[in-house]
Amino acid sequence: MKRARLLFIDDEEINRDNFQQTFADEYEILLAASGEEALEIMAREDDLALILSDQRMPGLSGVEILARAREVVPQTERIMITGYADPDDIMAAINQGQVYNYILKPWASGELRIAIIQAVERYQLKKENRLLLSALGKKNAELEDLVRTRTQELKNLQSMLPICSYCRKIRDDKNAWHELEAYLRRHNDIFFTHGICPQCYENVMGELSDLGQGKKTDQK
Amino acid sequence: MSKKKGRVLYVDDEEINLINFRETLRDDFEIFTAGSGHAALALLEREGEMALVVSDQRMPGMSGIELLAMVRDLYPDTIRMIISAYTEINELIEAINKVEVYRYFVKPWQEDQLRLSIGNAVGSYALGQEIKEFVDEGRRQLAERRRNFEENKK
C-alpha cells in the first residue's frame with residue numbers, strides 16, 4: 001500500500017532532521033521550515049494525510065498555519081507540537097486550529113508515533129468513506145439506468161400484440177380477443193405480432209392439431 | 001420548513017450557571033441541563049443522543065473531561081465542548097488528546113460567541129446525521145432496485 005504523506009513544519013533544522021529520521025521508514029515526509037513554505041506545499045501536493053506543526057516560529061505561528069490548513073485542506077488531520085505550553089496557545093489550537101492532538105516537546109517518539117498512526121488512520125477512514133459515498137451514488141445511478149432500460153423493453157414487448165392470422169382478432173394484455181377495428185379505435189400506438197386465436201385454431205386446425213398432439217406424444 | 005431545534009445538554013455543578021445557560025439559549029436550542037457528570041449520563045440514557053454536550057470542567061465527582069470522554073465512547077457523533085473558569089495546561093491538553101473537544105470556552109462566557117459556536121456545533125452534528133441518512137437511504141434504494149430488477153428478470 002502507498003505510504004501516507006505527512007507535512008512537518010518546524011523552523012529548526014535539527015527538529016526536521018530528527019523527525020525525518022524517525023519516521024522516514026513509515027511515511028512519505030514533506031518538510032517545511034516556515035508557514036509560508038508549508039502553505040506552498042499544501043497548495044501543490046494532494047492527498048496530505050496529516051500536518052504536524054511547531055507553534056512558535058518567525059512569521060506565521062503554528063495555530064495560524066493550522067487554521068489556514070483547515071480552510072485549504074480541510075480533510076487533512078492536524079497535530080500541534082510545541083516546546084512551550086501556553087494556555088492561550090493551546091486554547092487557540094483547539095478553537096481555531098481544531099487540532100487532533102497536542103504534543104509537548106521534547107516528544108517521546110512512542111507517544112508521537114501513536115498519535116500519528118491514529119491521525120493517519122482517521123484521515124484514511126474519512127477518505128474511504130467519501131469514496132464509498134460517491135461509489136454508492138454511481139452504483140445507484142447505474143442501476144436506475146438498467147431498470148429504465150429493462151422497463152422500456154418490457155413495455156415494448158407488452159405492446160407487441162398478437163393478431164390472429166385467420167379472423168384478424170387481436171389479443172389484449174388481459175388475454176381477451178377483440179375485433180381489430182374496434183381495438184384500433186381505442187389504441188393507436190401498438191405493434192403487432194402474428195399468431196392465431198384459440199377459436200380459429202379450433203376451427204381451422206382442429207383435426208390437424210389433434211394429430212399434431214398425437215404425433216408428439218407418439219414420439220415421446 | 002420548520003426545522004427541529006438542536007438538542008444541547010449543559011452540565012455544571014452550579015445551578016445559577018444552568019439557569020443562565022438555559023435562559024440565554026432556550027430560544028434557539030432545545031436545552032437539557034444536569035448538575036453532575038453522573039446526572040448527565042443518566043439523562044443521556046433517558047433522553048437519547050444529543051447534538052452537543054457542553055460541560056464545566058471542574059465539578060465534584062466526575063470532571064468535565066472524564067464525562068466527555070465517556071460521552072465520546074457512548075455517543076461518538078455527539079459534539080463536545082468545555083466551558084471552564086480555569087485554563088490549566090494539563091486540562092487543556094487532555095481536552096484535545098482525550099476528548100477531542102470542538103471548542104474550549106473560558107468563563108464568564110461571551111454570549112454571542114457561545115451562541116455562534118453552539119450553532120456551528122449543532123449544524124455540524126446535523127450535517128453528519130444527514131450524510132448518515134443519505135448513505136442509509138442510498139443503500140436501501142440500491143437493495144430495493146436490485147430486488148425489483150431480479151424480479152423483472154423472471
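Hydrogens, waters and symmetry mates are skipped; everything else that's a heavy atom, side chains included, is used.
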Checklist entry - Under 4.0 Å between a Lys/Arg side-chain N and an Asp/Glu carboxylate O for A:Arg3 and A:Asp25? => result no
Checklist outcome for this item: Those residues of residues 98-121 of chain B that come under 4.5 Å of chain A on a heavy-atom basis, listed by number, are B:Glu100, B:Val101, B:Tyr102, B:Arg103, B:Tyr104, B:Val106
Checklist entry - Non-hydrogen atoms of chain B under 4.5 Å away: do they reach the side chain of A:Asn129, the backbone, both or neither? => result neither
Checklist entry - Who wins among B:Ile131, B:Ile96, B:Val135 for the most heavy-atom pairs under 4.5 Å with chain A? => result B:Ile96
Item to check | Qualifying residues under salt bridge (Lys or Arg N to Asp or Glu O under 4.0 Å), relative to A:Glu13, sequence neighbours excluded | outcome: none
Checklist entry - Quick one: what part of A:Leu104 sits under 4.5 Å from any heavy atom of chain B, side chain, backbone, both or neither? => result side chain
Item to check | B:Tyr10: which of B:Phe21, B:Phe32, B:Phe29 passes ring-ring contact (aromatic ring centres under 6.0 Å, His included) | outcome: B:Phe21
Next on the checklist: Strictly below 4.0 Å, N to O, side chains only: are A:Lys2 and A:Glu28 in salt-bridge contact?
Outcome noted: no
Checklist outcome for this item: Exactly one of B:Glu49, B:Glu130, B:Arg7 clears side chain to side chain donor-acceptor pair (under 3.5 Å) with B:Tyr125, and that residue is B:Glu49
Item to check | Residues which pass side-chain hydrogen bond (donor to acceptor under 3.5 Å, both in side chains) with B:Arg26, listed by chain and number, not counting sequence neighbours | outcome: B:Glu23
Checklist entry - Considering residues at least two apart in sequence or located in another chain, which fulfil the ring-ring contact (aromatic ring centres under 6.0 Å, His included) criterion with A:Tyr123? => result none
Item to check | Closest-packed option against chain B by number of heavy-atom pairs under 4.5 Å, given A:Ile94, A:Leu132, A:Ile103 | outcome: A:Ile94
Item to check | Step-by-step side chain to side chain donor-acceptor pair (under 3.5 Å) determination, B:Gln141 to B:Glu137 | outcome: CA-CA 6 Å; B:Gln141 279 184 16; B:Glu137 175 65 17; 3.0 Å; yes
